[in-house]
Every structure is written in structure tokens, then in C-alpha cells.
Amino acid sequence: MALQDRLRPLVDTTGPGPRAVRRVAGLDVAYAEDSDRLAAAVVVLDADTLTVLERSVVLGRARFPYVPGLFAFRELPSLVEALDGLGTAPDLLVCDGQGLAHPRRFGLACHLGVHTGIPSIGVGKTAFVGTFDAPGPARGESSDLVLDGEVVGAVLRTQRDVKPVFVSVGHGLDLAEACRHVLALSPRFRLPETTRQADGACRAALAAAAAEARTTG
DNA sequence: GCGACAG
DNA sequence: ATCTTGTCGC
């Protein structure tokens, strides 16, 4: 927690934002049911066509338990390894989890953004902190996610009549721009294409590793 | 003190 | 996160 408090001042919550977003990366981690095995994936998509440009997946093992508020210490190490395996650095990171919508305003998206220096966004499937009103039913509508009287994120409807996602700034851009990107990345499904691709990649890798281990014995 | 709690 | 069982809709 002290480390998060120390790094928190390094977060840029306004930024000019990434100049030109060409390569957008989705990051996610999958865990083995039993054992501490995990697979971390970073999938880079063309921001315009949303087609996959590159994938980087690493197998590893959980070295930190899941503790609400300290989530980055569990997933960040493996995600950084996967990022290092990329041929070209992405222009934007879309993380599975929260950014500023965190008890100390330093969720996984902030941590990854500060660590890499790459603009980042946090997209959570459920709320972690804060209060909010339900956003309107239309795609694109949103409401403020408030914590201690401060707007720490947005509850954004990416598909009509579908449960909204929780968007918060990670690093290097503002909330409005973050929501704009998330919406552009979610033309058809609730979750951004980046998140969906990363989720599929790490799960596939974990399954492949299990099958290989099974064959090998 | 008790319950909640990203993934 | 992961599992389970069933339902709804394209």
C-alpha cells in the first residue's frame, strides 16, 4: 500500500492523450483451477479495423494472492513479461480491472501505465469502489462513478440494454477520451475487443499448456 | 465490530 | 479468477 501511495503522484490523469492510436493492446490473465499456474496475454489490435496485429503470451505462476486493492501485485509482473515480448510497443493499454477507481487511486491500469509510460485505461466488469446511478439504456450513455465526492470513473453502456462496464483512467489521458476509446473498441459486444482477444489468448495458452503437461506426463 | 471487496 | 446448470437469442 505504501508503494502504491508513492507511485500514485506519477499518474497523469489528464494528459494530451496518445497522439495517434494505431496499435491498441488488450491485457488479461487466466489461472489454472488447481495449482498456481497462470497465462498472461497481451494482444495488439489495429485501432481502426480491430484486427489482431500481434500476440504475446507468457506462462508463469502466481506469486502473490488475490487481495482486493493489491491486484496489480498479482498480475502486473506476468503482464509486463508479456509486454516485453512484443515486437512493437502499443500506443494504448486496455487493462482488465480498474485504474483510478481504486481505494488509493492506483489500480492495475495506473500501475501498468506508470510502469510502462504508455497511456492506459482500466475496464472492469464489476464495480470495485464508488457509488453510481444506472446509466441510460442506450449505447454510449454513462454515469459518474464517485468516490469520496470525486469522479474516479464512468459507468459506461457499451451495448443497448446490456450491463455497463466500469471505465477509469489509468495513465496519460482523461476519462472522456478513455470512454471514447472503449466505445470504439466495443462495436458489437459488451467488452472491448481488446479484452475479449486477450481473454481468449491467455485461456487458450493455459489449456494448451495443460494438454501438453498431460501428454508429457 | 461487521460486511464488502477489480480479478 | 474458476466451476456449475439452465435459459434466451442471433
Problem set entry | Flag, side chain of Arg157(A) to backbone of Ser142(A), donor-acceptor distance under 3.5 Å |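 Flag not set: sc Arg157(A) to bb Ser142(A) has no pair under 3.5 Å.
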
Exercise. Under the 3.5 angstrom rule, does the side chain of Ser120(A) hit a backbone N or O of His171(A) as a donor-acceptor pair?
Worked result: yes

Seminar exercise, completed: Ordered by number, residues from residues 152-176 of chain A within less than 4.0 Å of DNA chain B (heavy atoms) are none

Problem set entry | NZ/NE/NH1/NH2 to OD/OE distance under 4.0 Å, Asp96(A) and Lys125(A) | yes

For this session: Look at Arg22(A) together with Asp91(A) and state whether they make a salt bridge at an N to O cut-off of under 4.0 Å.
Result: no

Exercise. Dot-bracket for DNA chain C, 5' to 3', with Watson-Crick and G-U pairs under 3.5 Å, [ ] for crossing pairs and | for other-strand pairs: what is it?
Worked result: ..........

Problem set entry | Atom-to-atom span, CG of Asp36(A) to C1' of dA1(C) - whole angstrom | 14 Å

Exercise. Has Asp133(A) got more than 12 heavy atoms of other residues, nucleotides or ligands less than 6.0 Å from its CG?
Worked result: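 Check fails, neighbour count at 12 or below.
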
Problem set entry | Arg55(A), CZ atom: more than 12 neighbouring heavy atoms under 6.0 Å |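 At most 12 heavy atoms, drawn from other residues, nucleotides or ligands, come within 6.0 Å of this atom.
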
Exercise. Are the ring centres of Phe132(A) and Phe166(A) closer than 6.0 Å?
Worked result: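 When the ring centroids of Phe132(A) and Phe166(A) are compared, they turn out to be within the sub-6.0 Å range.
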
Exercise. Using the ring of each side chain (for Trp, its six-membered ring), is Phe73(A) parallel, tilted or perpendicular to His111(A), with breaks at 30° and 60°?
Worked result: perpendicular

For this session: Check whether the side chains of Glu75(A) and Tyr66(A) place a donor and an acceptor atom closer than 3.5 Å, and report yes or no.
Result: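 The answer is no; no qualifying pair exists.
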
For this session: Going 5' to 3' through nucleotides 1-7 of chain B, assign each nucleotide B (protein heavy atom under 4.0 Å from a base atom), S (under 4.0 Å only from sugar-phosphate atoms) or - (no protein heavy atom that close).
Result: ----BBB

Exercise. Do Leu76(A) and Leu112(A) come close enough that some side-chain heavy atom pair is under 4.5 Å?
Worked result: yes

